[in-house]
Amino acid sequence: MKKAVWILFLIAIVLRLFLFFGVEKSLWLDEAALALNIMDKGYLELFRPLQYAQSAPPLFLCLTKVLVSIFGAGERVFRFIPLFCGMAAIFGFYFFLCEVFEGKKRYAVFGLIFFSLGFPLLYNTIEFKPYMTDVLFTILTALIWLKYLSKDICLKKQVCFAVLLSVFPLFSFGSVFPLCALLTLSLLKKRKTFSFILISGLLIEYLFIFSKINSGTRVYEYWIPYFVNYNPIKALFILVDIIKYQFFPSNCALLGFIGFITGSVLLFKHNRKVFIFFGLTILNGFLASFFNLYPLYERLSLFLYPIMLGIIIYPLFYFMYDKNIVKRIIAFILTAIFFSGAVFYNFTNPNLYKREEIKPLLVKMRSEIQQQDKIFVFKGAHLTYRFYDRIFKFQNETYVCPYNMTAENCADKIEPFCNKNVCYVIYSSEVDTQNNIKILEETVSKLNGKILLQDKKSILYKLVD
């Protein structure tokens with residue numbers, strides 16, 4: 001069993017390293033926005049509101065800034081901490097499952113396969129966003145509760161854990177929800193000193209950091225459609241959407257939803273300690289969304305992934321080792337379906353791990369642009385171009401359409417700006433792709449432009465008089 005575990009660890013780490021070093025991947029809009037904040041702001045400023053409608057845990061940003069100051073502003077430097085958290089989470093999840101299955105390590109091995117090879121974790125391991133820190137710190141919080149704090153431990157250890165746990169939200173916003181579950185259960189156990197230290201730490205962080213961190217940004221307004229918004233019926237649809245995202249592709253969602261219900265019942269029956277902690281964590285997330293405090297949408301719900309996966313796989317492996325041969329056969333079939341859908345789909349579409357790709361366009365442009373040529377950056381590529389311009393350092397006259405400019409107004413500026421010069425027009429965007437590209441294509445066509453290079457959601461045009 002130990003050999004199987006170490007083989008799985010090795011496969012999972014090699015796969016992540018392969019994606020990290022093997023997939024050439026431009027920073028997309030949100031990644032570039034965070035990168036520009038890190039490059040432009042000092043360490044203390046990263047504890048304050050960010051620019052470009054961004055929000056991220058301050059210590060996640062500060063650690064990244066340390067790496068950038070040492071190794072430079074490369075894509076892989078920015079993505080190193082998610083990679084590290086993704087690899088650390090693999091080890092943490094194994095011990096997490098050992099607690100869920102009460103020491104039955106053979107169950108944990110199967111769960112580790114799902115965790116190691118599932119699309120959401122693989123993708124976010126090579127994404128410069130704090131979602132893998134959410135996964136790791138959820139696992140760490142759950143482990144600390146299940147393995148230590150749910151039992152009787154000395155006051156000294158309680159104090160140490162309280163201080164440690166109070167720092168978690170500075171690395172991961174999503175860790176607040178399992179922390180609140182842990183705190184609730186600690187209050188019920190009448191751990192006064194532990195609870196006082198943890199509450200004090202969280203309150204200080206809220207007053208001096210988190211209450212101000214979104215001011216001046218559009219983060220809240222952007223996510224309004226993804227709040228439960230006082231609508232209990234909507235909560236059910238959000239739960240289904242979370243399962244659809246976490247167990248990609250969506251045809252696994254029904255099986256995942258059935259597994260979630262069945263696993264919840266079995267955990268309530270056989271492991272009440274785990275059931276209560278899991279239930280409180282999920283409830284805290286939905287309550288925050290219900291009162292418009294946190295949007296439960298796809299990647300923002302990734303902190304729930306270890307919890308949801310632990311619940312969903314519980315009945316599969318619980319029945320797989322049952323004495324009843326019928327239950328074992330059904331469990332085996334369902335596990336095979338779930339595994340093939342949630343895992344092997346990852347390797348059938350190489351574009352799953354890419355978004356808009358502006359860097360290949362700029363490499364092509366740099367190879368042939370002349371000093372007198374102009375550069376026009378269409379709506380949507382303003383931040384990715386700004387980031388890569390610091391690397392390529394184009395000296396040409398450039399016009400960058402601001403984000404809030406309409407596609408029509410942006411397209412109208414191409415002809416007067418280029419004004420019969422050789423002009424390179426860059427399109428690279430995640431937002432309103434079909435509508436914007438149609439407007440741009442019509443304008444470029446009128447000016448007799450041609451496509452120099454086209455990549456995923458990105459096009460480089462060249463206008464010649």
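- The backbone N or O of Phe128 lies less than 3.5 Å from a partner atom in the side chain of Glu31, making a donor-acceptor pair.
- Proximity of a side-chain donor or acceptor of Glu99 to a complementary backbone N or O of Phe96 within less than 3.5 Å is not detected.
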Exercise for review: Could you please spell out the steps behind the salt bridge (Lys or Arg N to Asp or Glu O under 4.0 Å) verdict for Asp40 and Arg390?
Suggested key: CA-CA 12 Å; Asp40 294 341; Arg390 300 191 184 193; 2.7 Å; yes
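- The structure places CG of Leu17 at 6.0 Å from CG of Leu83, a figure rounded to the nearest 0.5 Å.
- A donor-acceptor contact shorter than 3.5 Å is absent between the side chain of Arg79 and the backbone of Glu127.
- Atoms SG and OH, from Cys410 and Tyr403 in turn, are 13.0 Å apart once rounded to the nearest 0.5 Å.
- Ring planes of Phe119 and Tyr123: tilted class, angle from 30 to 60°.
- Using a 4.5 Å cut-off on side-chain heavy atoms (C-beta onward), Leu236 and Phe257 make contact.
- Counting heavy atoms from C-beta on, the side chains of Phe78 and Phe387 come closer than 4.5 Å.
- Residue Lys234 holds its NZ atom at 6.0 Å from CG of Asn229, rounded to the nearest 0.5 Å.
- Heavy-atom contacts from other residues, nucleotides or ligands closer than 6.0 Å to NZ of Lys192 number 12 or fewer.
- With Arg191 contributing its side chain and Gln158 its backbone, the two residues share no donor-acceptor pair below 3.5 Å.
- For Tyr43, the OH atom sits in a packed shell: over 12 heavy atoms of surrounding residues, nucleotides or ligands are nearer than 6.0 Å.
- Here the rule is side chain to side chain contact (heavy atoms under 4.5 Å, CB included) with Phe115, and of Ile313, Val135, Leu8 only Val135 fits it.
- Nearest heavy-atom pair across Pro315 and Thr262 is CB-CG2, 3.7 Å.
- Leu202 places none of its side-chain heavy atoms less than 4.5 Å from the side chain of Val176.
- Counting heavy atoms of neighbouring residues, nucleotides and ligands inside a 6.0 Å radius, atom CD1 of Ile233 does not exceed 12 of them.
- With Ser166 contributing its side chain and Val163 its backbone, the two residues share a donor-acceptor pair below 3.5 Å.
- Here the side chain of Ser26 pairs a donor or acceptor atom with the backbone of Lys359 at under 3.5 angstrom.
- Around CZ of Phe84, the count of heavy atoms belonging to other residues, nucleotides or ligands within 6.0 Å does not exceed 12.
- Within 6.0 Å of atom OH in Tyr230, more than 12 heavy atoms from other residues, nucleotides or ligands are found, so the atom counts as buried in its surroundings.
- In terms of heavy atoms, Pro120 sits closest to Leu302 at CB-CD1, 3.9 Å.
- Using a distance-only test at 3.5 Å, with no hydrogens or angles considered, no donor-acceptor pair links the side chain of Ser289 to the main chain of Pro295.
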Check your understanding: Yes or no on salt bridge (Lys or Arg N to Asp or Glu O under 4.0 Å) for Glu24 and Arg76, after CA distance, side-chain angles and deciding distance?
Key -> CA-CA 10 Å; Glu24 288 295 333; Arg76 292 188 178 92; 3.1 Å; yes
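- To the nearest 0.5 angstrom, Ile197 atom CD1 is 11.5 Å from Ser186 atom OG.
- Across Tyr226, Phe177, Phe227, a single residue satisfies ring pair (Phe, Tyr, Trp, His ring centres under 6.0 Å) together with Tyr294, and that is Phe177.
- A donor-acceptor pair under 3.5 Å is formed between the side chain of Arg272 and the backbone N or O of Phe268.
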Practice item. Under the side chain to side chain contact (heavy atoms under 4.5 Å, CB included) rule, what do Val5 and Phe9 come out as? Steps first, then yes or no, please. Key: CA-CA 6 Å; Val5 172; Phe9 286 154; 3.3 Å; yes
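- Here the closest non-hydrogen pair linking Gly86 and Met132 is CA-CE, 3.5 Å.
- Across every non-hydrogen atom of Ser116 and Ile90, the tightest pair is OG-CG2, 4.0 Å.
- Heavy atoms only, all atoms of each residue included: Pro306 and Thr138 are closest at CG-CG2, 4.4 Å.
- The structure places OG of Ser195 at 5.5 Å from CG of Leu183, a figure rounded to the nearest 0.5 Å.
- Side-chain contact between Leu239 and Phe260 is present, with at least one heavy-atom pair separated by less than 4.5 Å.
- The shortest side-chain heavy-atom distance between Phe173 and Thr133 does not fall under the 4.5 Å cut-off.
- Counting heavy atoms of neighbouring residues, nucleotides and ligands inside a 6.0 Å radius, atom NZ of Lys269 does not exceed 12 of them.
- Side-chain contact between Leu50 and Lys41 is present, with at least one heavy-atom pair separated by less than 4.5 Å.
- With rounding to the nearest 0.5 angstrom, the OG1 atom of Thr125 is 4.5 Å from the CZ atom of Arg16.
- Side-chain atoms of Asn284 come within 3.5 Å of backbone N or O of Leu280 as a donor-acceptor pair.
- Annotation: side chain of Phe303 is not in contact with side chain of Tyr131 (no heavy-atom distance under 4.5 Å).
- Of the possible donor and acceptor atoms, none in the side chain of Asp455 sits under 3.5 Å from a partner among the backbone N and O of Ser458.
- Taking the six-membered ring for Trp and thresholds of 30 and 60 degrees, Tyr427 and Phe378 have ring planes inclined between 30 and 60 degrees apart.
- Between Phe101 and Tyr314, the ring-plane angle classifies as parallel under the 30° and 60° cut-offs.
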**Study point:** Chi angles and distances behind the side chain to side chain contact (heavy atoms under 4.5 Å, CB included) call for Tyr245, Arg299
**Key:** CA-CA 8 Å; Tyr245 173 75; Arg299 57 190 183 273; 3.7 Å; yes
Exercise for review: Under the side chain to side chain contact (heavy atoms under 4.5 Å, CB included) rule, what do Ile282 and Ile311 come out as? Steps first, then yes or no, please.
Suggested key: CA-CA 11 Å; Ile282 296 171; Ile311 295 173; 3.8 Å; yes
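- Leu383 places none of its side-chain heavy atoms less than 4.5 Å from the side chain of Tyr388.
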